[in-house]
**Student:** 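Pasting a structure here, questions to come.
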Amino acid sequence: MNAIRRNLRVVRRMTAADIAQQSVYRGAWIIFMLANICTPIISLLIWRTALANGAKLPVDERYVTTYFVLLGFVTMATSSWLAGFLAQDIRLGKLSSWMVRPASLLVKFVANNLSEKFLKLFALVPMIGIVWWIFRASMNLPSGVGRWALFAVSIGLGAVLVFTIDILIASLAFWMDDVTALVQARVIIASVLSGAVVPLALMPAWSRGFVDHQPFRYTVSFPVEIVAGQLSGHELLAGLGIQLGYVVVFAALARVVWSAGLRAYSAVGA
Amino acid sequence: MSTWAEEREPLDSGWGHKQLRHLRLWRRFFAQAVVRETHYRAHFLTTLLVGLVQLGLGIVPTLLLFGFTQEVHGWSRAEVIALVGVFQIVTGLMATFVAPNLNRMTTYLTEGELDVVLLRPVSSQFYLTLRWINVAELTNVASGIAVLAIGLVQSRLTPGPVQVVQAVVLAACGLVLLTAVWSAMSFLAFWLQSVNPIGFVFLSLVEAGRYPLVFFPVAVRTFLTFAFPVAFATTFPVRALAGDLGWRTVGVGVALTLVALTLVRLLWRRGLLTYSSASS
């Protein structure tokens, strides 16, 4: 219990320090978030045109609009970018200096993730707000607080899931020289299977079973579906259950691979 | 064989010579880039593979869209695939010749590398925009040509020589226009110091070029034609191939390109005035 409390305190301190440091790049965050919402807006306009042109989609205009307006926020909130950096720290031996410290190197990445997301919020939320206001007439908004609470919980779980998948991939750097190709593959596969490019509801019927149950759906699409879609109470519970299951499985896997890697680690530069 | 003792043409004798010299220099850059690429064969292969996967994934939304409808605003699936081909060609050319340079703009300015460039007897803007070439990205141009061919065959379009000329000129205008816009965004580094993330905004806006212009609301169409002229890079060339465009659009494209080039040139000059070296 003590160890957890200490780690939490370290994360809090490091996050605060990181925020102070990163707020130097205020302009850069605004530009980054501008890029972040460009693609969802383009997709939104395209699919609305298709609907207006009489395309027979399995979902209505409200679903499509709500989906793409929220998409930029959810991809930001659940994103992780540590794999390349962590792999580099392992390869170049930076990990060595963390092994003699009272906190794990992973704590640094948790703090970095939290601080950057915190700063991105300030740039992103006003932009989403403007898009929201433009399309407010055709948005699906659940009235109850319950859905929004589930939305928040699901985003949290999704963020943890992406983070652990990244640790898992980066940990392979203990045995491989270069994991950049793997990282790139993860990004490309996830962009389609998470629903960040096209809503999973628009995927063809033959892919349904696979698309609905693979882990990447629970990193982006599922949280958005909670607000945008008409998931029944049963589907909601099942979805959250599966999401939690994936989090536990990937966290356990990442833990095993990480500690095996630490034992296999032969420090560079030590 | 000529030696240094002989009479030689002075370096800057007239406008034509200067352009020729730049062309010769650029040929050297290209030759050097090719030699360099042969040292990094793995880089060539991964660029090829990643490019193919990204091309495939880029078509996914289009294929899904046309699974639900036969045509959208007069565009059939085959025509949109041809358009994706043109998009791939133009963005591939930019990734080969322009992107490796503009992505360095921040270091040029913050590390003082620009000082060395300014000392050289070449146009500094030419050097900064076209010095580095990523040969491996040419594979994406090749795959773009293949996709364009597939789209044209499927849509049973048989463009005549006039249409082909119009399309090529328009695509070239699109290429230069987009380069000018990206350059202008990068040259803002003179005033903003760090412009590294600008590339991300540019690349995500370019994504709009994967779709025909008419797929967007009217206000956005104007933006994509005149402010961020991605329409010239994809929609107009394909419509020219279909024989829907006259020389008027081509004229507008060329005129707009000249205006854009002039503006970027002025911006560069203006920026240089504010430049106070970072290393000396």
Side-chain angles (χ1 to χ4, degrees), chain A residues 24-59 64 72 120 123 134-135 177-178 180-185 187-193 195-207, chain B residues 42-43 45-47 49-75 80 106 185 188 191-217 219-221 223-224 228 230:
Chain A
V24 177
Y25 308 105
R26 287 178 296 256
W29 291 128
I30 293 175
I31 299 174
F32 267 128
M33 291 302 100
L34 213 55
N36 194 44
I37 61 164
C38 277
T39 323
I41 291 178
I42 293 171
S43 309
L44 169 63
L45 296 175
I46 296 300
W47 287 99
R48 279 174 69 100
T49 304
L51 276 167
N53 208 52
K56 299 267 174 293
L57 302 191
V59 290
V64 171
K120 284 174 183 172
I134 294 173
F135 291 104
D177 281 334
D178 192 356
T180 21
L182 276 177
V183 174
Q184 207 157 22
V187 169
I188 291 175
I189 294 170
S191 73
V192 170
L193 286 184
V197 176
V198 182
L200 295 181
L202 297 174
M203 290 289 180
W206 53 262
S207 66
Chain B
H43 171 250
L45 260 183
T46 39
T47 311
L49 282 178
V50 169
L52 285 179
V53 173
Q54 276 174 340
L55 177 63
L57 292 181
I59 299 185
V60 165
T62 307
L63 292 181
L64 284 174
L65 181 65
F66 282 95
F68 299 114
T69 178
Q70 287 299 313
E71 55 96 43
V72 180
H73 283 304
W75 286 77
V80 177
T106 302
M185 286 160 95
L188 290 179
W191 294 276
L192 302 176
Q193 314 313 329
S194 170
V195 286
N196 272 336
I198 288 270
F200 291 101
V201 178
F202 179 83
L203 290 178
S204 30
L205 272 175
V206 157
E207 287 294 307
R210 284 185 189 282
Y211 307 95
L213 200 56
V214 284
F215 280 29
F216 294 97
V220 181
R221 278 181 224 173
F223 176 77
L224 293 177
F228 193 84
V230 77

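In what follows, chains carry the letters A, B, and so on, assigned in the order in which the sequence lines appear, proteins first and then strands, with residues in each chain numbered from 1. Please read all numbers here as calculations on a predicted model, not as lab measurements.
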**Student:** Closest heavy-atom contact between B:Ser204 and A:Thr39?
**Tutor:** CB-OG1, 3.8 Å

**Student:** With the side chain counted from C-beta on, respond yes when B:Pro197 and A:Trp29 share a heavy-atom pair under 4.5 Å apart, and no when they do not.
**Tutor:** no

**Student:** Describe, in one word, how the ring planes of B:Phe200 and A:Phe32 are oriented to each other, choosing from parallel (under 30°), tilted (30 to 60°) and perpendicular (over 60°).
**Tutor:** tilted

**Student:** Would you give the length of the straight line joining atom CD1 of A:Ile42 to atom CZ of B:Arg210, rounded to the nearest 0.5 angstrom?
**Tutor:** 10.0 Å

**Student:** Grab the two heavy atoms, one from B:His73 and one from A:Asn53, that are nearest each other, plus how far apart they are.
**Tutor:** N-ND2, 3.2 Å

**Student:** Any idea which of B:Val201, B:Val214, B:Thr69 has the most non-hydrogen atom pairs under 4.5 angstrom with chain A?
**Tutor:** B:Val201

**Student:** Side chain, backbone, both or neither: which part of B:Val53 has a heavy atom under 4.5 Å from chain A?
**Tutor:** side chain

**Student:** Looking at A:Ile188 and B:Gln54, what are the two nearest heavy atoms and their distance?
**Tutor:** CD1-CG, 4.2 Å

**Student:** Atom OG1 in A:Thr49, atom CG in B:Leu65: separation rounded to 0.5 Å?
**Tutor:** 9.0 Å

**Student:** At a 4.5 Å cut-off on heavy atoms, which part of B:Glu71 comes close to chain A: side chain, backbone, both, or neither?
**Tutor:** both

**Student:** Check B:Leu64 against A:Leu202 and note the closest heavy-atom contact, atom names and distance.
**Tutor:** CD2-O, 3.5 Å

**Student:** Which atoms of A:Trp47 are under 4.5 Å from chain B, going by heavy atoms: the side chain, the backbone, both sets, or neither?
**Tutor:** side chain

**Student:** Atom CG in A:Leu34, atom CG in B:Leu205: separation rounded to 0.5 Å?
**Tutor:** 7.5 Å

**Student:** CZ/B:Phe202 to SG/A:Cys38 distance, rounded to the nearest 0.5 angstrom?
**Tutor:** 11.5 Å

**Student:** Heavy-atom cut-off 4.5 Å, strictly under: side chain, backbone, both or neither for B:Pro217 against chain A?
**Tutor:** side chain

